[in-house]
Amino acid sequence: MLGYAGRIARVDLTRGSVKVEEVPGWLIDLFIGGKGFVYGLLSRELSPGVDALSPGNKIVIAAGALAGLAPAASKTIVGAVSPLSGLIHDTSVGEWFSYFLRGAGFDALIIEGASKEPVYLWVHDGMVEIRDASRVWGKSTRDAVKLIREETNRAASVMVIGPAGENMVKIANVMVDGERAGGRGGLGAVFGAKGLKAVSVYGIPRIEVADRDRLRRLFLEVYERFRTTYEAAEHREYGTNNGLVISGTLGVSPAYNYGKPKLSEEESHKLSGYAIKELEVGFPGKPIKIVGSLCPVKCSRWVRIPGEDDFVKPEYEKWGLLGAAVGVFDKALVLKAMRLADDLGLDAIGAGNAIAWAMDLYEHGLLSRGEVGFELRFGNGDAVLRLLEDMAHRRGFGAVLADGVANAVKRLGKGSEFAVHIKNIALPAWYPNGPLRGLVISYLTADVGASHLRGWPEMHSEDTPLRDTVSSMINDRDHKAVMDSMGLCVFNPYKWEDLVNFYEAATGRHVSRDDLARVSVRIDTIARVWHVLTGHVDPWSEVPYKMINDPNGPRLGREEVVEALREFYRLRGWDLETGLPSVEYLRGLGLDWLVPLRNKAAEYLGQGKA
């Protein structure tokens, strides 16, 4: 099996058993690897409606098809049914984990059941050990990584949850090596529900490829191109940390719970790559585990937190949600909040979004000091730090916010008009406004809900009909889905031609751009059937109130959104009214196992089985 390790380890935590299986041919043929493997495996082995925090849910951890074989092929995709949305949810996390996973002899892990006692997995030398994790349960993500490396291999890459995941907080994430976040969707809570603290991996890949000389030439040529290209210059110098400068200028920032999307230059520069340049630390102070595995761009920054003997790896989404969204423009406080969220294993986007919502309610007199326990106005950075701790441990008012903004609305029975989420997934730091209004169609149709990594439309006039933004969004979605299936970082400017060439050189399989793009079509198709069967039937009903009524927002209208959704369905080849694929369509994609679920969805919508 050229280009692959060729094996999957299936770990049953209930029985304490491990079974090694060959990667099935259909999985490679239809889904390539990474994100594709997640959707292929979970859609065949789980059904919509499974309790995400029950032993019946499964976790798939998959290396990309090019892991260890191409520049920036460093992404590991983790997936399970989300406790927030009820949908198959995947998250991408960087660094050496996927490289070492293939080196240990596996393309993917399937983790099922649940352990009565805390455990972690040690994956190495073609085997998986289930080990006692009582020593590291309760530890922060960083501390747990250190302890597990002492017990396994000091060079190992460790995927871990923090106290938030252990407490099954539904906005808990997974962290790799304590610094790389696999956020959104609450997958950390799924780990916690299974009693799984961590997965430690180590091994040097020896993947047999179809054309090693061609692969080497491609690697060197592409690495040098990305290392020097103007396209990646901003990320090479600042990472994603100037995101607020861009979003604030365009009027698409999340500032003040998305109530002030346009920011002045003075405001946005306070939380930017420019502002932290003097705080950056290079080698030897910068840990090797965040350098960017095989990456020519190396966008990761390592920054000293002012007033603290500590460091953090900042990113724009964290600046956006733990800073601008809560009205905190003190870089030291925001960096401290980033560090705390990472150590607790909290998704910075979900946590910041929920806190910003609560602050909005407080400012409008809908929450009192008596309900919260302290002052909760925009700009109160100390309150942000306190709430992060309380959310992770389900204490006080933090317990109200611990399961994300959608569940907080239900719990309090108020504030829905201030909540900004789609399919219970918090909106990221890119508000679909002005020249990016078309992002709303990406958010509404995305497999997981509101994610900024599921397709961007080309920049457009704010008067451009949403319908006219859909085609470019789909093109970008398809490209990103293939990148995620190959394990490539999307901040590296791969062209379709590069993806075809690398995959052919590695596997010997002759593919076209259309062949690769069909991986994305299959993922979207699986997702749409799941959307209907989990109650996410009418996308318009999921448009946040703010996006319709806020004068500073996109002022979306039903007719415009529905017209754009119909265009999306048309371009995907689905029914224009329901968005469902036909049985013939599914079989043409090789998704025969999805037919019964598609028919069930059609019956639910009153269409019958035709």
With a 3.5 Å cut-off and no angle check, do the side chains of Asp447 and Tyr39 form a donor-acceptor pair? yes
Side-chain donor-acceptor pair present, Ser300, Arg180, cut-off under 3.5 Å: yes
Is it the case that atom CD in Glu266 sees more than 12 heavy atoms from other parts of the structure closer than 6.0 Å? no
Ion pair Lys197/Glu166, N-O distance below 4.0 Å: yes
With ring-ring contact (aromatic ring centres under 6.0 Å, His included) as the criterion, how do Trp430 and Tyr316 come out once you've worked through the C-alpha distance, each side chain's angles and the decisive distance to 0.1 Å? CA-CA 10 Å; Trp430 299 97; Tyr316 166 57; 5.0 Å; yes
Salt-bridge test for Arg142 and Asp310: reply yes if a basic N is under 4.0 Å from a carboxylate O, no otherwise. yes
Salt bridge Glu417-Lys546, side-chain N to carboxylate O under 4.0 Å: no
Name the one of Leu361, Leu367, Asp360 that satisfies side-chain contact (heavy atoms from CB on, under 4.5 Å) with His364? Asp360
Rounded distance [0.5 Å steps], OH in Tyr431 versus CG in Leu439: 12.0 Å
Decide, yes or no, whether a salt bridge links Asp343 with Lys139 under the criterion of side-chain N to carboxylate O below 4.0 Å. no
Any salt bridge between Asp524 and Arg454, counting N to O under 4.0 Å? no
Answer yes or no: is there an ion pair linking Glu267 with Lys262, defined by an N-O contact shorter than 4.0 Å? no
Note: Lys313-Glu315 ion pair, threshold 4.0 Å (strictly below): yes
Separation between CD1 of Ile305 and CD1 of Ile276, rounded to the nearest 0.5 Å: 11.0 Å
Using a 3.5 Å distance criterion without hydrogens, assess whether the side chain of Arg437 forms a donor-acceptor pair with backbone atoms of Thr469. no
Would you call Lys277-Glu280 a salt bridge at under 4.0 Å N-O? yes
Is it the case that more than 12 heavy atoms not belonging to Glu237 sit under 6.0 Å from its CD atom? yes
Is the number of heavy atoms from other residues, nucleotides or ligands under 6.0 Å of Phe374 CZ greater than 12? yes
Before accepting this row, confirm whether a basic side-chain N of the pair Lys480/Asp476 lies closer than 4.0 Å to the acidic partner's carboxylate O. yes
Do Trp357 and Phe418 pass the ring-ring contact (aromatic ring centres under 6.0 Å, His included) test, and can you show the C-alpha distance, the side-chain angles, and the key distance before you say yes or no? CA-CA 6 Å; Trp357 167 80; Phe418 298 98; 8.6 Å; no
Strictly below 4.0 Å, N to O, side chains only: are Glu179 and Arg339 in salt-bridge contact? yes
Using a 3.5 Å distance criterion without hydrogens, assess whether the side chain of Glu560 forms a donor-acceptor pair with backbone atoms of Leu466. yes
